[in-house]
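Computation of the quantities below employed the complete heavy-atom set of this structure, encompassing side-chain atoms and omitting hydrogens, waters and symmetry-equivalent molecules. Bear in mind that the values here come from a model prediction, so they are computed numbers and not experimental data.
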Amino acid sequence: MCGIVGAWTNIERLDRQAIELMIKGVEGRGPDSQGSWVSKDDNIVFGHARLAILDLSSAGQQPMTSKCGRYTIVYNGEIYNHLELRCDHFKGKNIKWRGSSDTETLIELISLLGLASALRELNGMFAFGLWDNEKKQLTLARDRVGEKPLYYGINSGVFLFSSELKGITAFSKWKGKICKNALSAYMYYRNVPAPLSIYEGIFKLLPGHYVSVGGNGSVVFDPVNFWNMKNIIIESKEVRYVNEDEYVEDLNNLLLDSVEKRLMSDVTVGALLSGGVDSSTVVSLMSEVSSR
């Protein structure tokens with residue numbers, strides 16, 4: 001778990017002090033290191049609080065800029081198939097990797113394929129902010145089922161985003177106003193349903209969506225749905241009629257593959273047991289695919 005924050009405005013200059021306050025709001029998500037990036041020409045700043053899992057060296061630190069210099073990313077999550085992506089898309093391209101982090105894989109994949117195509121290749125959980133220096137465009141993206149949180153919106157004339165509301169409210173010129181619709185929904189549902197947040201003008205990015213902010217100074221909140229389970233089922237042309245034993249075997253193989261991918265780490269991996277069937281199953285599968 002890491003914390004990401006960012007701010008963009010055409011009204012005023014932003015500096016590292018502005019982003020450092022926002023990073024402090026999410027520092028509990030990333031105790032290992034902190035980083036920031038400022039593009040003064042474009043009045044955009046990124047911040048990152050890191051929990052190091054893959055590539056513990058400085059080569060995995062964020063924010064990170066692509067080798068071509070066009071893209072800069074601040075990212076929270078883990079791409080489970082990132083090593084396969086390196087083999088599938090960069091074989092023979094003579095790319096010199098700076099390290100072994102999935103962050104580097106992600107930003108170079110975007111640089112190679114473009115954002116929309118890269119998102120379709122990812123198997124993982126993620127939320128990220130991406131600056132395109134050529135288009136002067138900021139894009140936020142969230143994983144297929146929303147494992148990683150991401151909030152965004154405008155406050156005091158500044159476009160803000162963060163893993164948590166605390167990162168946004170830490171902005172130096174923050175002026176919070178409770179959203180009446182969100183408050184009403186909270187009283188009814190005992191939670192604030194997406195895309196609303198408790199603050200007016202601040203939203204949750206929906207799972208499986210990305211939203212881009214144009215570089216002409218205008219902000220248009222028009223999220224794009226890049227993945228939808230219902231559409232996947234409808235578009236699937238494979239229809240299988242099998243017996244119960246085959247379904248059980250298929251499910252077991254899927255779970256084994258899923259658990260094994262999630263054990264990829266440069267730090268010690270453990271599990272929390274609740275005593276239920278699900279966590280016990282996960283630990284059993286961990287034992288089956290682990291060497292120790």
Inset, instruction - Measure the CD-NZ distance between Q34 and K24 for me, rounded to the nearest 0.5 Å. - result: 8.0 Å
Inset, instruction - Kindly work out whether a path of hydrophobic side-chain contacts (I/L/V/M/F/W/Y, heavy atoms less than 4.5 Å apart) joins L263 to L256. - result: yes
Inset, instruction - Indicate if I178 and L165 have the same hydrophobic cluster label, given that clusters are the connected sets of ILVMFWY residues with side-chain heavy-atom separations under 4.5 angstrom. - result: yes
Inset, instruction - Report yes if the side chains of N155 and I168 come closer than 4.5 Å at any heavy-atom pair, otherwise no. - result: no
Inset, instruction - Can you measure from CG (L54) to OG (S101) and round to the nearest 0.5 angstrom? - result: 7.5 Å
Legend entry - hydrophobic_cluster_shared for Y71 and F226, side chain cutoff 4.5 Å: yes
Inset, instruction - Please lay out, stage by stage, how N253 and E249 fare under the test side-chain contact (heavy atoms from CB on, under 4.5 Å). - result: CA-CA 6 Å; N253 290 336; E249 184 179 358; 3.8 Å; yes
Legend entry - Taking every non-hydrogen atom, the tightest pair across S36 and I19: CB-CG2, 3.7 Å
Inset, instruction - Quick one: pull up CG in L140 and CD1 in I4 and give me the separation to the nearest 0.5 Å. - result: 7.5 Å
Inset, instruction - Give a yes or no on whether the backbone of K96 and the side-chain of K67 come within a donor-acceptor separation of less than 3.5 Å. - result: yes
Inset, instruction - Look at the aromatic rings of Y152 and F159 and report parallel, tilted or perpendicular, splitting at 30° and 60°. - result: tilted
Inset, instruction - Could you tell me whether the side chain of M264 reaches within less than 4.5 Å of the side chain of D102, counting heavy atoms only? - result: no
Inset, instruction - Walk me through it: do V282 and R262 pass the test side-chain contact (heavy atoms from CB on, under 4.5 Å)? - result: CA-CA 11 Å; V282 168; R262 283 154 179 78; over 6 Å; no
Inset, instruction - Apply side-chain contact (heavy atoms from CB on, under 4.5 Å) to I73 and T103, showing your working. - result: CA-CA 8 Å; I73 197 169; T103 309; 4.0 Å; yes
Legend entry - Test item: E164 side-chain N/O and G3 main-chain N/O as donor-acceptor pair under 3.5 Å: no
Inset, instruction - In sequence, state the C-alpha distance, the side-chain angles, and the governing distance for R86 and E104, and then conclude on salt bridge (Lys or Arg N to Asp or Glu O under 4.0 Å). - result: CA-CA 10 Å; R86 289 193 179 195; E104 186 179 8; 3.8 Å; yes
Legend entry - N133 side chain vs G69 backbone, donor-acceptor pair below 3.5 Å: no
Review item, side-chain donor-acceptor pairs of residues 182-195, under 3.5 Å, at least two apart:
| from | atom 1 | to | atom 2 | distance (Å) |
| --- | --- | --- | --- | --- |
| N191 | ND2 | Y189 | O | 3.2 |

Legend entry - CD-CH2 distance between Q137 and W8, expressed to the nearest 0.5 angstrom: 8.0 Å
Legend entry - Heavy-atom pair with the smallest gap, counting every atom of S197 and K204: CA-CE, 4.5 Å
Inset, instruction - Report the C-alpha separation of M22 and L160 in whole Å, then their side-chain angles, then the decisive distance to 0.1 Å, and conclude whether the side-chain contact (heavy atoms from CB on, under 4.5 Å) test is met. - result: CA-CA 10 Å; M22 296 179 71; L160 305 167; 4.1 Å; yes
Inset, instruction - Examine distances only and state if a side-chain atom of T281 and a backbone atom of V277 form a donor-acceptor pair shorter than 3.5 Å. - result: yes
Legend entry - Non-hydrogen side-chain atoms of E260 and E288 separated by less than 4.5 Å: no
Legend entry - Single-linkage hydrophobic cluster, 4.5 Å side-chain cutoff, L21 and V26 together: no
With a cut-off of 3.5 Å and sequence neighbours excluded, list every side-chain donor-acceptor pair involving residues 119-130.
| from | atom 1 | to | atom 2 | distance (Å) |
| --- | --- | --- | --- | --- |
| R120 | NH2 | S117 | OG | 3.2 |
| E121 | OE1 | H89 | NE2 | 3.2 |

Inset, instruction - Taking the side chain as every heavy atom from C-beta outward, state whether E78 and E147 have any pair of such atoms under 4.5 Å apart. - result: no
Inset, instruction - Answer whether the closest heavy-atom distance between the side chains of L273 and S280 falls below 4.5 Å. - result: yes
Inset, instruction - Sequence neighbours left out, what passes ring pair (Phe, Tyr, Trp, His ring centres under 6.0 Å) with Y75? Give chain and number order. - result: none
Inset, instruction - Using atom types as modelled and distance alone, determine if a side-chain donor or acceptor of H209 lies under 3.5 Å from a backbone N or O of P207. - result: yes
Legend entry - Flag side-chain contact, heavy atom, 4.5 Å: K93 against L112: yes
Inset, instruction - Could you state whether F90 and L115 fall into the same hydrophobic cluster, counting links through intermediate Ile, Leu, Val, Met, Phe, Trp or Tyr residues with side-chain heavy atoms under 4.5 angstrom apart? - result: yes
Legend entry - Separation between CD of Q62 and CD1 of I107, rounded to the nearest 0.5 Å: 9.0 Å
Legend entry - Side-chain donor or acceptor of R142 paired with backbone N/O of K148 under 3.5 Å: yes
Inset, instruction - Starting at CG of N76, measure out to CG of L150 and round the result to the nearest 0.5 Å. - result: 9.0 Å
Inset, instruction - Looking only at non-hydrogen atoms, find the nearest pair between Y210 and A116 and report the distance. - result: OH-CB, 4.4 Å
Inset, instruction - For the residue pair L205 and F161, establish whether any side-chain heavy-atom pair is separated by less than 4.5 Å. - result: no
Legend entry - Test item: N252 side-chain N/O and V248 main-chain N/O as donor-acceptor pair under 3.5 Å: no
Legend entry - Side-chain heavy atoms of H48 within contact of I23, under 4.5 Å: no
Inset, instruction - Output yes when a side-chain donor or acceptor of N81 lies under 3.5 Å from a complementary backbone atom of E84, and no otherwise. - result: no
Legend entry - Main-chain N/O of V158 paired with S156 side-chain donor or acceptor, under 3.5 Å: no
